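Below: one structure, written as structure tokens.
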Amino acid sequence: MTHSHDNAPGPRQAKPALLITGGTGFIGSHTAVVLLESGYSLVLVDSLINSTREVGARIAQLADLEPWGDHLWRHASGSPWLALLQGDVRSARDLDRAFSLMPNRIAGVIHLAGLKSVGESSDEPLNYWDANVSGSITLLRAMEKHDCKTLVFSSSAAVYGETQEVPISESAPLRPTNPYARTKAAIEQILQDLAASRKGWRISILRYFNPIGAHPSGMIGEHPRMPPTNLFPVLCQVANGSRERVEVFGDDWPTPDGSGVRDYLHVLDLADGHALAIRALLEGNAQLTQLNLGTGRGWSVLDLIACLEKISGRAIPAVIAPRRAGDVAVSVADPSRAQAVLGWKARRGLEEMCRDGWAWFSSSHGCSHD
Ligand code: UD1
């Protein structure tokens with residue numbers, strides 16, 4: 001197999017079947033398109049609490065697949081195929097159905113299903129421990145049962161918490177500061193224990209920084225649980241007139257313009273990272289690897305506002321507000337390990353993130369939850 005210089009996971013050729021939990025979510029839908037385009041067949045399992053069945057059809061359309069049955073699509077040549085199953089990762093029965101849905105053996109799992117709102121996690125910690133940690137344990141047991149020990153796990157830069165070191169490397173201490181981040185750190189620990197049990201697990205833990213943007217078609221994107229609290233969807237709402245202004249949480253951080261700095265990355269770069277990670281595991285030996293996925297470059301709140309104003313041609317009124325509890329001044333990845341291990345590098349810049357994200361939020365699909 002030839003390795004190209006960019007992140008492209010290779011030409012479309014028949015590849016094994018994979019299972020994606022949370023497959024119709026923001027990251028799942030983009031990852032599904034990239035994987036189908038490179039030839040993997042997919043079973044998507046999603047509870048649909050935060051997405052819709054319609055996303056399955058849009059993924060199929062973007063990957064040039066045709067309807068083939070009930071929530072089933074395939075390429076004209078017969079492969080790859082795509083199946084969507086409504087199911088909950090806490091249900092062993094749902095997972096059994098997912099593993100047995102198609103005759104092909106599932107070669108690997110990309111586990112994205114989970115709850116991800118920091119504020120909500122402090123109000124409803126049991127829901128977070130149950131969905132994220134119990135869900136992961138149920139999934140890992142199902143994987144053992146079906147003899148599938150290849151896993152890409154969706155973690156978060158939130159596991160680092162208040163680290164002193166910037167840019168942040170994977171060896172930085174984990175000091176999660178909220179229940180959401182603690183569930184991610186706990187699952188990482190479980191995966192370490194599993195890998196140490198020497199049962200042949202191949203595991204890649206991906207720690208995402210701040211994914212934004214969308215597929216440039218405007219057909220898939222982020223459906224924030226309402227009301228959104230992350231900066232990018234909030235800015236899009238202000239730009240499209242459904243929110244009056246954005247509150248900038250602090251202008252006295254120790255950063256060049258006083259507002260918080262984050263490592264925003266395009267969701268399609270993140271999707272490429274998943275495709276490269278699963279390929280490396282399928283081709284590799286038993287292992288457990290933690291990888292940061294970020295650009296290595298930081299942008300402030302005010303930078304992002306200015307960029308989206310330019311791209312959208314809309315004014316984004318902003319007021320300075322007090323700091324938000326639990327925020328840090330700067331969160332920027334050292335992504336060098338992902339480049340060394342996977343050959344992955346974020347290719348898309350801030351303007352592309354804003355352009356594609358705005359295309360989604362200003363489309364009828366992106367507004368449908370507003
Ligand atoms: C947040 C979570 C993080 C999670 C990630 C998922 C917190 C503390 N962290 O990251 O655990 O993995 O989302 O996407 O919630 N901001 C404003 N005004 C707003 C919203 C945000 O000024 O209305 C600022 C924030 O202070 C921060 C930056 O924008 O400096 C980015 O915020 P956000 O998009 O919420 O992401 P994080 O807080 O980095």
Side-chain angles (χ1 to χ4, degrees), residues 22 25-27 30 50 112 114-123 128 132 153-163 166 168 174-185 187-188 205-214 221-239 242-267 270 292-295 298-308 316-333 350 353-354 357 361:
F26 176 41
I27 293 164
H30 291 83
N50 201 28
L112 311 174
L115 298 177
K116 60 167 188 178
S117 162
V118 170
E120 190 184 51
S121 78
S122 298
D123 295 336
Y128 274 68
N132 294 359
F153 172 63
S154 155
S155 188
S156 167
V159 295
Y160 295 117
E162 277 195 60
T163 175
V166 175
I168 305 171
L174 304 192
R175 298 198 186 102
T177 57
N178 55 67
Y180 158 74
R182 279 191 283 276
T183 65
K184 291 290 181 186
I187 300 161
E188 288 201 14
I205 293 172
L206 304 182
R207 295 176 179 155
Y208 313 153
F209 279 68
N210 288 58
I212 62 170
E222 183 176 10
H223 271 297
R225 301 181 98 193
M226 298 309 291
T229 53
N230 289 125
L231 182 62
F232 190 73
V234 166
L235 294 183
C236 287
Q237 283 199 326
V238 178
S242 57
R243 187 188 282 241
E244 216 172 299
R245 57 179 175 268
V246 56
E247 291 186 326
V248 177
F249 296 144
D251 66 349
D252 55 355
W253 294 100
T255 61
D257 67 21
S259 67
V261 168
R262 295 291 181 273
D263 186 335
Y264 297 98
L265 84 154
H266 198 296
V267 65
L270 191 64
N292 285 340
L293 294 186
T295 64
W299 299 96
S300 72
V301 175
L302 301 183
D303 290 333
L304 194 59
I305 293 175
C307 187
L308 188 62
I316 301 180
V319 291
I320 306 301
R323 292 181 179 188
R324 178 172 68 178
D327 270 354
V328 296
V330 181
S331 167
V332 174
L350 195 69
M353 299 179 214
C354 286
F361 279 104

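Both ligands and their constituent atoms are indexed starting at 1 by order of listing. All figures in this text were calculated on a predicted structure; none of them were measured in a lab.
Side-chain atoms of Ser154 never come within 3.5 Å of backbone atoms of Leu112 as a donor-acceptor pair (strictly under, hydrogens ignored). With hydrogens and angles disregarded, a donor-acceptor distance shorter than 3.5 Å links the side chain of Asn132 to the backbone of Leu115. Put simply, the side chain of Asp251 never gets that close to the backbone of Asp257: no donor and acceptor are under 3.5 Å apart.
Taking atom 9 (N) of ligand 1 as the reference point, the nearest protein heavy-atom neighbour is Val118 CG2, 3.7 Å. The nearest protein atom to atom 8 (C) of ligand 1, hydrogens excluded, is given as Asp327 OD1, 3.4 Å; this is a heavy-atom distance. For atom 24 (C) of ligand 1, the closest non-hydrogen atom of the protein is Val301 CG2, 3.6 Å. The nearest protein atom to atom 18 (N) of ligand 1, hydrogens excluded, is given as Glu247 O, 2.7 Å; this is a heavy-atom distance. With respect to atom 32 (O) of ligand 1, the closest heavy atom belonging to the protein is Arg324 NH2, 3.5 Å. Taking atom 16 (N) of ligand 1 as the reference point, the nearest protein heavy-atom neighbour is Phe249 CD1, 3.6 Å. Nearest protein neighbour of atom 27 (C) of ligand 1, counting heavy atoms only, is Arg262 NH2, 3.6 Å. Counting only heavy atoms of the protein, atom 4 (C) of ligand 1 lies nearest to Tyr180 CE2, 3.9 Å.
For the pair Val159 and Ala181, the tightest heavy-atom approach, listed with the atom from each and the gap, is CG1-O, 4.0 Å. The two residues Ser121 and Asn178 come nearest to each other via the heavy atoms OG-OD1, 4.2 Å.
Checking Tyr160 against Arg207 by side-chain atom types alone, a donor-acceptor pair falls below 3.5 Å. In the model, Tyr180 has no side-chain atom that pairs as donor or acceptor with a side-chain atom of Ser117 under 3.5 Å.
Shown in contact with Thr229 at under 4.0 Å from a heavy atom are these atoms of ligand 1, numbered in order with element: 20 (C), 35 (O).
Between Arg324 and Glu247 there is no salt bridge, since no side-chain N of the basic residue sits under 4.0 Å from a carboxylate O of the acidic one.
Residue Val248 has no nitrogen or oxygen atom sitting less than 3.5 Å from a nitrogen or oxygen atom of ligand 1, judged on distance alone.
Test Asn230, Leu293, Asp263, Leu265 against Pro211 for side-chain contact (heavy atoms from CB on, under 4.5 Å) and you get one pass: Leu265.
Heavy atoms from both the backbone and the side chain of Asn230 come within less than 4.0 Å of ligand 1. With a 4.0 Å cut-off on non-hydrogen atoms, Asn210 touches ligand 1 through its side chain and not its backbone. Proximity of Leu231 to ligand 1, defined as any heavy-atom pair under 4.0 Å, is shared by backbone and side chain alike.
In this comparison of Phe232, Tyr264, Trp253, the heavy atom closest to atom 28 (C) of ligand 1 sits on Tyr264.
In this structure, Ser156 has a heavy atom closer than 4.0 Å to ligand 1. Using 4.0 Å as the threshold, Lys116 has no heavy atom nearer than that to any atom of ligand 1.
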Verdict with supporting geometry, Tyr264 and Leu304, side-chain contact (heavy atoms from CB on, under 4.5 Å):
CA-CA 9 Å; Tyr264 297 98; Leu304 194 59; 3.9 Å; yes
